[in-house]
Amino acid sequence: DALKRRIEFFDKNGCKLCDHGLEQIYFENFTESEVKAIFEKKRNNKEISNAEALKFQSAILLFLAETYHEFGWVQQFHLGALRNNNERMLRVLGPDTGWDSIGDYSQATKLSAFLNALDSKNKLTKTIIYNLNPADNEVMATMIGNFNDGSVKGKVQYGSGWWFLDQKDGMTKQLNALSNMGLISCFIGMLTDSRSFLSFPRHEYFRRILCNLLGDEIKRGELPNDMEWIGKMVSDISYNNAKEYFKF
């Protein structure tokens, strides 16, 4: 109830998106009685096992996802960071000071089960999935197709290149994976999740990469030389799709 009231508070104050930064999606089968027992065990300062922790985390994440659906929020999942690798520098400078890297966590099985559990109850809200390991590009690009049911254009999105992949090569590979495996015309494009004004130029950087990619394919004869059609797709990816998707 406390979690739901907090989401309701933010919703009334204009919040429409959430973001979870996780190593991988949590999904373990659980019962309500198990989750209550795990909670009471922890409240009594008793040690809980890794299996119990995963069940509790799964219950919380599913509850939140169902609540986002109820309020019509977009949920985002940034997956795959290996954080705080240098313990000495963590002690000196604290977390999020540059000692993180790409992790090689398994993503597909739990992510599929999580999305399927929500979809089977018709409680899967609009969802954006970002990967940090480039080895997962095709995993994410194909996973979204499993749950795009036609109810919303591009309901489940493969998010733009994130963190270490937020550069020319990473963005190009993300665009190609989505184009090869899915429907790039529905893509909502680049985001700015930073509070720094200087992060906004990444949108211009992204648009230049997108246009160069399409222009090279037109030059090679892989796309038709139809500026009206291609231009409409670029405009949609750069602005119109996001405007329609988020309903700001």
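FYI, the numbering just counts along the sequence from 1.
The backbone N or O of Ile102 lies less than 3.5 Å from no partner atom in the side chain of Asn133, so there is not a single donor-acceptor pair. Formation of a donor-acceptor pair under 3.5 Å by the Ser120 side chain with backbone atoms of Ala117 is found in this model. Side chain of Ser112 to main chain of Thr109: no donor-acceptor pair is present (N/O by atom type, distance under 3.5 Å, no hydrogens or angles). Within the 3.5 Å criterion, the main-chain N or O of Leu124 finds no donor-acceptor partner in the side chain of Asp119. Between the side chain of Asn44 and the backbone N or O of Lys46, no donor-acceptor pair lies under 3.5 Å. Lys126 places a side-chain N or O within donor-acceptor distance of the main-chain N or O of Tyr245, the cut-off being under 3.5 Å. Under a 3.5 Å cut-off, the side chain of Glu23 and the backbone N or O of Leu82 do not form any donor-acceptor pair.
Under a cut-off of 6.0 angstrom, the local environment of CG in Asn122 is sparse, with at most 12 non-hydrogen atoms contributed by other residues, nucleotides or ligands. Applying the 6.0 Å contact sphere to CZ of Arg220 captures more than 12 heavy atoms from other residues, nucleotides or ligands. Within a 6.0 Å radius of NZ in Lys41, more than 12 heavy atoms belonging to other residues, nucleotides or ligands are found. Residue Arg83 places its CZ atom among more than 12 non-hydrogen atoms of other residues, nucleotides or ligands, all under 6.0 Å distant. The number of heavy-atom neighbours closer than 6.0 Å to CZ of Phe9, taken from other residues, nucleotides and ligands shown, is 12 or below. Other residues, nucleotides and ligands place more than 12 heavy atoms under 6.0 Å from the CD atom of Glu40. At most 12 heavy atoms of other shown residues, nucleotides or ligands fall within 6.0 angstrom of atom CG in Asp104.
In this structure the side chain of Glu66 reaches within 4.5 angstrom of the side chain of Leu118, judged on heavy atoms. Within the 4.5 Å cutoff, the side chain of Phe71 has heavy atoms near those of the Glu8 side chain. Looking only at side-chain heavy atoms (C-beta outward), Leu223 and Leu214 come within less than 4.5 Å of each other. Counting only heavy atoms from C-beta outward, the side chains of Lys55 and Asn29 never approach each other to under 4.5 Å. For the pair Ile237 and Ile188, the minimum side-chain heavy-atom distance is 4.5 Å or more. Pro134 places a side-chain heavy atom less than 4.5 Å from the side chain of Leu165. Taking 4.5 Å as the limit, every side-chain heavy atom of Gln157 sits out of range of all side-chain heavy atoms of Ile144. Counting only heavy atoms from C-beta outward, the side chains of Asn116 and Asn146 never approach each other to under 4.5 Å.
Going from atom CD of Glu138 over to atom CG of Asn176 covers 9.5 Å, rounded to the nearest 0.5 Å. For the atom pair NZ (Lys123) and OG1 (Thr67), the distance works out to 8.5 Å, reported to the nearest 0.5 Å. Rounded to the nearest 0.5 Å, atoms CG (Asn225) and NZ (Lys219) are 12.5 Å apart. How far CZ of Arg207 is from CG of Asn212: 13.0 Å, rounded to the nearest 0.5 Å. Annotation: the span from Phe187 atom CZ to Asp236 atom CG amounts to 13.0 Å, rounded to 0.5 Å. In this structure, the separation between CZ on Phe206 and CE on Met171 is 7.5 Å, given to the nearest 0.5 Å.
The closest side-chain donor-acceptor pair between Lys153 and Asn241 falls under 3.5 angstrom. The closest side-chain donor-acceptor pair between Tyr158 and Asn131 falls under 3.5 angstrom. Donor-acceptor pairing under 3.5 Å is recorded for the side chains of Gln75 and Thr127. Using modelled atom types, one finds no donor on one side chain facing an acceptor on the other under 3.5 Å when comparing Ser160 with Trp162.
A continuous path of ILVMFWY side-chain contacts below 4.5 Å connects Leu178 to Leu213, so both sit in one hydrophobic cluster. Linking ILVMFWY residues whenever their side-chain heavy atoms come closer than 4.5 Å, directly or via other members, places Leu111 and Leu64 in the same cluster. Residues Leu54 and Leu115 share a hydrophobic cluster, clusters being chains of Ile/Leu/Val/Met/Phe/Trp/Tyr side chains in contact below 4.5 Å. Taking hydrophobic clusters as Ile, Leu, Val, Met, Phe, Trp and Tyr residues chained together by side-chain heavy-atom distances below 4.5 Å, Phe200 does not share a cluster with Leu17. Taking hydrophobic clusters as Ile, Leu, Val, Met, Phe, Trp and Tyr residues chained together by side-chain heavy-atom distances below 4.5 Å, Met227 does not share a cluster with Tyr239.
Contact detail for Val234 and Cys211: the closest heavy-atom pair is CG1-SG, 3.8 Å. Taking all atoms of both residues into account, the shortest heavy-atom contact from Phe30 to Ser58 is CE2-C, 4.0 Å. Closest non-hydrogen pair, Trp163 versus Ala81, comes out as CZ3-CB, 3.5 Å. Shortest non-hydrogen contact noted between Gly154 and Asn148 is C-OD1, 3.6 Å. Closest non-hydrogen pair, Tyr130 versus Gln76, comes out as OH-OE1, 2.7 Å. Contact record, Asp136 with Gln107: OD2-CG, 3.5 Å, taken as the closest heavy-atom pair.
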With a cut-off of 3.5 Å and sequence neighbours excluded, list every side-chain donor-acceptor pair involving residues 86-94.
| residue | atom | partner | partner atom | Å |
| --- | --- | --- | --- | --- |
| Asn86 | OD1 | Arg88 | N | 3.2 |
| Asn86 | OD1 | Met89 | N | 3.1 |

#### Entry: Residues Glu28, Lys110; criterion side chain to side chain contact (heavy atoms under 4.5 Å, CB included); working and verdict
CA-CA 8 Å; Glu28 298 293 334; Lys110 300 298 183 182; 3.0 Å; yes
#### Entry: CA sep, side-chain torsions, deciding dist, call: Met190, Asp166, side chain to side chain contact (heavy atoms under 4.5 Å, CB included)
CA-CA 10 Å; Met190 180 51 67; Asp166 187 5; 3.9 Å; yes
### Task
Verify side chain to side chain contact (heavy atoms under 4.5 Å, CB included) between Asp19 and Ile128, making sure each step is shown before the conclusion.
CA-CA 9 Å; Asp19 192 4; Ile128 312 172; over 6 Å; no
### Task
Start with the C-alpha distance between Arg202 and Thr192, add both sets of side-chain angles, then the distance that settles side chain to side chain contact (heavy atoms under 4.5 Å, CB included), and finish with yes or no.
CA-CA 8 Å; Arg202 73 170 66 174; Thr192 300; 4.2 Å; yes
### Query
Does the salt bridge (Lys or Arg N to Asp or Glu O under 4.0 Å) test come out yes or no for Lys36 and Glu32, once each step is laid out?
CA-CA 6 Å; Lys36 287 182 178 179; Glu32 188 174 342; 3.4 Å; yes
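Salt-bridge check for Glu70 with Lys4: passed, with a basic side-chain N closer than 4.0 Å to an acidic carboxylate O.
Taking the six-membered ring where the residue is Trp, Tyr68 and Trp73 present parallel rings, their angle staying beneath 30° rather than reaching 60°. Below 30°, between 30° and 60°, or above 60°: for Phe114 and Phe77 the angle between ring planes is above 60°, a perpendicular geometry.
A cation-pi arrangement is absent between Lys42 and Phe56, since the terminal nitrogen or guanidinium carbon is not both under 6.0 Å from the aromatic centre and inside a 45° cone about the axis.
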